[in-house]
Amino acid sequence: MDSIRVLLLVSSAALVVAGCASTKLEEKPAPVVEQSKPAEAPAPAPAPPVARVEAPTPPPVVDELNNPNGVLAKRSVYFDFDKSVIKSEYFSLIEAHGRYLVDHTARQVRIEGNCDERGGREYNLALGQRRADAVRQRMDLVGVQATRIETISFGKEKPKELGHDEAAWVENRRADIVYR
């Protein structure tokens, strides 16, 4: 009987091995085992949306030199008859131009000295130069490098007003600040 049992056992094992080799089993995903999670606190309520306050867009940067209402729009310093001394009323104007030049190191100026039509040519050229130099010296006090300021005299050759009276002469006794 032992031999029958051994024979049955061997044939059963052969059938199992033969059946496994020829029969495909359905592939099933492995079962998901859920793990128990600790109890969570309820999620906090979402915060109300924050209103985005956008900063106002800054105005475009305008060069002070191009502001027609600014102090730098004035570019003439007027002198008394036969004088090259700057009147105190023009100190702040010259200093404003000087500060602009200190802040804008790429800019340069030419100061053009002018006179009215009275007086000789050589005399007026010399007076116009003294006027231009006086304005340059005042800008030096603010800290503008002398190499950035050119002075020239036109004497009576470049009048602002063409008249032959005191009103025209007042306009022509000046030093003009010309940016380059």
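Quick caveat, the model's predicted, so the values are computed rather than measured.
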With the side chain counted from C-beta on, respond yes when [X] and [Y] share a heavy-atom pair under 4.5 Å apart, and no when they do not.
X: Arg138; Y: Tyr90; value: no
X: Asp63; Y: Tyr100; value: yes
X: Leu101; Y: Val109; value: yes
X: Asp176; Y: Ile111; value: no
X: Val142; Y: Ile94; value: no
X: Lys87; Y: Phe79; value: no
X: Asn114; Y: Asn172; value: no

Legend entry - From CA spacing to verdict: side chain to side chain contact (heavy atoms under 4.5 Å, CB included), Leu72, Asn67: CA-CA 8 Å; Leu72 298 180; Asn67 181 355; over 6 Å; no

Inset, instruction - Step by step, work out the side chain to side chain contact (heavy atoms under 4.5 Å, CB included) result for Phe81 and Arg118. - result: CA-CA 10 Å; Phe81 174 70; Arg118 298 173 290 178; 3.2 Å; yes

Legend entry - Charged N-O contact under 4.0 Å between Arg136 and Asp140: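 Here Arg136 pairs with Asp140 in a salt bridge, since their nearest N and O are under 4.0 Å apart.
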
Legend entry - Residue of the set Arg131, Gln129, Arg110, Arg130 for which side-chain hydrogen bond (donor to acceptor under 3.5 Å, both in side chains) holds with Thr151: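 Checked Arg131, Gln129, Arg110, Arg130 against Thr151; only one passes side-chain hydrogen bond (donor to acceptor under 3.5 Å, both in side chains): Gln129.
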
If two hydrophobic side chains count as joined below 4.5 Å and joins carry through other members, does [X] share a cluster with [Y]?
X: Val135; Y: Ile149; value: yes
X: Val178; Y: Ile86; value: no
X: Phe91; Y: Leu141; value: no
X: Val71; Y: Met139; value: yes

Legend entry - Pairwise salt bridge (charged side-chain N to carboxylate O under 4.0 Å, His left out) hits with a residue in residues 144-153, at least two apart: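 Matches after skipping sequence neighbours: Glu150-Arg180.
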
Legend entry - salt bridge (charged side-chain N to carboxylate O under 4.0 Å, His left out) pairs, two or more places apart, involving residues 64-74: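 For residues 64-74: none.
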
Inset, instruction - Only pairs at least two apart or in different chains count here, so list each side-chain hydrogen bond (donor to acceptor under 3.5 Å, both in side chains) that has a residue in residues 154-168. - result: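 Pairs touching residues 154-168 that pass the test: Tyr78-Lys160, Glu112-Lys158, Glu117-His164, Glu166-Arg173.
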
Inset, instruction - Might you point out which heavy atoms bring Gly163 and Ala168 nearest each other, and give the distance in Å? - result: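 Reported closest heavy-atom pair: O-CB, 3.4 Å.
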
Legend entry - Residue pair Cys115 / Gly128: nearest heavy atoms and the distance that separates them: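 For Cys115 versus Gly128, the nearest heavy atoms are SG-N, 3.5 Å.
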
Inset, instruction - For Asp116 and Arg174, run salt bridge (charged side-chain N to carboxylate O under 4.0 Å, His left out): C-alpha distance rounded to whole Å, both residues' side-chain angles, the deciding distance at 0.1 Å, then the answer. - result: CA-CA 9 Å; Asp116 60 37; Arg174 70 190 191 285; over 6 Å; no

Inset, instruction - Scan side-chain atoms only and decide if Gln137 and Asp133 contain a donor-acceptor pair under the 3.5 Å cut-off. - result: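 There is no such pair between these side chains.
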
